[in-house]
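In the text below, chain A, chain B and the rest are named by the order of the sequence lines, each starting its count at 1.
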Number of protein chains: 2
Amino acid sequence: MKLTSKGRYAVMALADLAKFDNINPVSLRDISLRQGISLDYLEQIFSKLRKKEIVQSVRGTQGGYVLNKKAKEIKLTNIFDAVDEKVKTVQCKKESKKGCNGKSTKCLTHNLWDELENHINNFFEEKSLEDLVKSSNERRI
Amino acid sequence: MKLTSKGRYAVMALADLAKFDNINPVSLRDISLRQGISLDYLEQIFSKLRKKEIVQSVRGTQGGYVLNKKAKEIKLTNIFDAVDEKVKTVQCKKESKKGCNGKSTKCLTHNLWDELENHINNFFEEKSLEDLVKSSNERRI
DNA sequence: ATAAACCTGACTAAAATAGTCAAGTATATA
DNA sequence: TATATACTTGACTATTTTAGTCAGGTTTAT
Ligand code: FES
Ligand code: FES
């Protein structure tokens, strides 16, 4: 089990974005330079974030992206959801007759994965972008 | 983020194993049939479990595998650890100058992934094989 | 002897990941 | 109005990981 770069980058980029006054748009180019993330990849990611209304885009010179909500209201769940970073724990395969087919007979471990999924999602639901920025500022003092 | 089959299978197979009296060895062939997991793949997995002393092997006819400890003492952490299923949340790349290099300058999100890792590992450290078998029996009543 | 079952390492097809590349469109500002 | 900046989209691809398979053993109860 691991996190992929897509989710990681999405959170990094939004944390970067949140650090700035969300009145002035921040360009992806700046984020790319500061965080060392490929610009093209960032564009893919922000395209998804925009569709899920987590950020707003401002086109043209001096354009960029702005948070669409207060940092406090943006939970990690929302971010991961937007970029399709999913915590897929149960894996009931419909094809297989034996063992793990989510039908009437759940496999020995089905409940376990369900519990785990809840456990992780709770974490993501509680953490907001604001928490992130705060903790990164605290460390700097 | 997702779980891979290796970890999932390892837990499934051990849960199956734990359901039986751990005096009589259980053959991988049986587990393979009951749980619908490839025998060859199971052998890879159990080779690792044996090296980490989670199971003991009994060779020869009527042989198989036996738990090496009480089901209560085998935590999911141990299992995942044995099969190299790792919860790799931080990803500080040493090469990259900018952003995410775990050096003196941790990236904005480093703390977050650390917290998450602990959160998940706590779950795995608390759950034992016994818990699993219990909850699967409860459901059957 | 022989069959059951463990043991090991090398190999591989398929999927997912982490991007790149190309060709746009929109708009602030000089 | 020209132009540079920056968003927008979709297709493409190299690399890595995953989920196995395959072949060839060794051990031991019967
Ligand atoms: S995980 Fe759902 S049946 Fe196995
Ligand atoms: S995760 Fe450690 S520096 Fe980014």
Only counting residues at least two apart or in another chain, list the ones meeting side-chain hydrogen bond (donor to acceptor under 3.5 Å, both in side chains) with A/Thr61. none
Please state how far atom [atom1] in [X] lies from atom [atom2] in [N], giving the value in whole angstrom units.
X       : N      : atom1 : atom2 : value
B/Arg29 : C/dA3  : CZ    : P     : 14 Å
B/Leu42 : D/dA19 : CG    : P     : 14 Å
A/Gln56 : D/dC7  : CD    : P     : 14 Å
B/Asn24 : D/dA29 : CG    : P     : 15 Å
A/Arg8  : C/dA18 : CZ    : P     : 8 Å
B/Leu39 : D/dA23 : CG    : P     : 15 Å
B/Leu28 : D/dT26 : CG    : P     : 20 Å
A/Glu85 : C/dA18 : CD    : P     : 8 Å

Closest listed nucleotide, where the reference is the side chain of B/Asp40 and the choices are D/dC7, D/dA23, C/dC21: D/dA23
When you get a sec, tell me which of D/dC7, D/dA19, D/dA6 is the closest nucleotide to the side chain of B/Thr4?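 Nearest to the side chain of B/Thr4 among the choices is D/dA19.
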Between the main-chain N or O of A/Lys6 and the side-chain N or O of A/Glu85, is there a donor-acceptor pair closer than 3.5 Å?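 Checked: no pair found.
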If we ignore hydrogens and angles and just use 3.5 Å, is the side chain of B/Thr77 paired with the main-chain N or O of B/Phe124 as donor and acceptor? yes
Contacts of A/Asp114 meeting side chain to side chain contact (heavy atoms under 4.5 Å, CB included) (sequence neighbours excluded), chain-then-number -> A/Val90, A/His110
According to side chain to side chain contact (heavy atoms under 4.5 Å, CB included), who are the partners of B/Gln56, at least two apart in sequence or on a separate chain? B/Asn68
Scan for ring pair (Phe, Tyr, Trp, His ring centres under 6.0 Å) pairs involving residues 43-64 of chain B, sequence neighbours excluded, and state none if there are none.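 As it turns out, the ring pair (Phe, Tyr, Trp, His ring centres under 6.0 Å) pairs with a partner in residues 43-64 of chain B, which skip direct neighbours, are B/Phe46-B/Tyr65.
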To the nearest 0.5 Å, tell me how far B/Ile74 CD1 sits from B/Ser128 OG. 9.0 Å
Applying salt bridge (Lys or Arg N to Asp or Glu O under 4.0 Å), can you list everything that pairs with [X], at least two apart in sequence or on another chain?
X        : answer
B/Glu125 : none
B/Asp16  : B/Arg34
B/Lys127 : A/Glu115

Respond yes when some side-chain nitrogen or oxygen of [X] is under 4.0 Å from OP1 or OP2 of [N], and no when none is.
X       : N      : answer
B/Tyr41 : C/dT8  : no
B/Tyr65 : C/dA5  : no
A/Ser38 : C/dA18 : no

Atom pairs under 3.5 Å, N or O on each side, protein against nucleotides 26-30 of chain C: can you list them with distances?
unit_1	atom_1	unit_2	atom_2	d
C/dA26	O4'	A/Arg59	NE	3.2
C/dA26	O4'	A/Arg59	NH2	3.3
C/dA28	N3	A/Thr61	OG1	3.1

Comparing nearest nucleotides in DNA chain D, the 5'-proximal residue of the pair A/Glu43, A/Lys2 is A/Glu43
Hey, can you pull the donor-acceptor pairs under 3.5 Å for the side chains in residues 36-43 of chain B, sequence neighbours left out?
unit_1	atom_1	unit_2	atom_2	d
B/Ser38	OG	B/Asp40	N	3.3
B/Ser38	OG	B/Tyr41	N	3.1

All N/O contacts under 3.5 Å from nucleotides 12-14 of chain D to the protein, with atom names and distances to one decimal?
none

Residues within residues 44-53 of chain B bordering DNA chain D, heavy-atom distance below 4.0 Å: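 Those residues are B/Gln44.
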Show the atom names and distances, to 0.1 Å, of all donor-acceptor pairs under 3.5 Å that link a side chain in residues 116-123 of chain A to residues at least two apart or in another chain.
unit_1	atom_1	unit_2	atom_2	d
A/Glu117	OE1	A/Thr89	N	3.3
A/Glu117	OE1	A/Thr89	OG1	2.5
A/His119	NE2	B/His119	O	2.9
A/His119	NE2	B/His119	NE2	3.3
A/Asn121	ND2	A/Glu117	O	3.3
A/Asn122	ND2	A/Asn118	O	3.4

